[in-house]
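Structure first, commentary second.
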Amino acid sequence: MNTTTNKLFQLALQAYNNAYAPYSQFSVGAAILSTNGNYFYGCNVENISYPCGSCAEQNAISAMIASGDMNIAEILIIADSCELITPCGACCQRIKEFSTPNTIITCCNLQGTQQQYTINQLLPNGFALKELKHD
Ligand code: THU
């Protein structure tokens, strides 16, 4: 794991440890390095009204946007599972919004086993902005 990925791992682990997941019992942490060199993080926050819950990636992206950065250089997601998780479909779409083809998506477990992807690998035909342009 390189220095950047290791820093993201530490931040995502901190967020993972603060996750609020009493209903699924499945904590997730996410950390972002923006192309401006800033770090952000988030965890999943569930709710007794289940659909009101939010994903770790979603909350990390919100923190990035609230701080004024708009581009993800790398996002790391951590959960406690032997089989590495990948971002859910909705979060792939959220990541796509602020990604380039060079954006690295690193999926990890608590032991630090990792697998890296590009957004095109995870969401090859995601909804794209050009489809909203009318002329
Ligand atoms: N979860 C995330 O935070 N990110 C994902 O990409 C997948 C799922 C959360 C949502 C819910 O709180 C719990 O994991 C179980 O689905």
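Start at 1 and go down the list; that is how both ligands and their atoms are numbered. Remember, predicted model here, so these are calculated numbers, not experimental data.
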Q.
Tell me the closest heavy-atom pair linking Gly112 and Met1, and the distance in Å.
A. O-CE, 3.5 Å
Q: May I ask you to identify the nearest protein heavy atom to atom 6 (O) of ligand 1, giving residue, atom name and distance to one decimal place in Å?
A: Glu57 OE2, 2.6 Å
Donor-acceptor pairs under 3.5 angstrom involving side-chain atoms of residues 113-120: please list them, not counting sequence neighbours.
{"from": "Gln116", "atom 1": "NE2", "to": "Thr106", "atom 2": "OG1", "distance (Å)": "2.9"}
{"from": "Thr118", "atom 1": "OG1", "to": "Gln121", "atom 2": "N", "distance (Å)": "3.3"}

**Q.** ligand 1 contacted by Ala21 (non-hydrogen, < 4.0 Å)
**A.** no
Q | Protein residue, atom and distance nearest to atom 7 (C) of ligand 1, heavy-atom basis | A | Cys88 CB, 4.2 Å
Q | Over 12 foreign heavy atoms within 6.0 Å of CE, Met70 | A | no
Q: Mind checking the CD1-CD1 spacing from Ile32 to Ile95? Nearest 0.5 Å is all I need.
A: 7.5 Å
Q. In terms of residue, atom name and distance, what is the protein heavy atom nearest to atom 9 (C) of ligand 1?
A. Asn44 ND2, 3.5 Å
Q) Of the choices Cys91, Pro22, Cys55, Ser27, which has the non-hydrogen atom that lies closest to atom 10 (C) of ligand 1? A) Cys55
Q) For Tyr23, what residues pass the ring pair (Phe, Tyr, Trp, His ring centres under 6.0 Å) criterion, not counting sequence neighbours? A) Tyr50
Q | Atom indices of ligand 1, in the order listed, that fall short of 4.0 Å to a heavy atom of Phe26 | A | 13 (C), 14 (O)
(Q) If the cut-off is 4.0 Å to any non-hydrogen atom of Ser24, which atoms of ligand 1 fall inside it? (A) 13 (C), 15 (C)
Q.
Taking Ile77 as the starting point, is it possible to reach Leu33 by hopping between hydrophobic residues whose side chains are less than 4.5 Å apart?
A. no
**Q.** Per-atom contacts of ligand 1 with Glu46, taking only distances under 4.0 Å to non-hydrogen atoms
**A.** 11 (C), 12 (O), 13 (C)
(Q) Distance under 4.0 Å to a non-hydrogen atom of Pro87: what atoms of ligand 1 satisfy this? (A) 6 (O)
Q: Would you confirm whether any non-hydrogen atom of the protein falls under 4.0 Å from atom 3 (O) of ligand 1?
A: yes
Q.
Looking at every heavy atom in both Asn44 and Ala19, which two are closest together, and how far apart are they?
A. OD1-CB, 3.2 Å
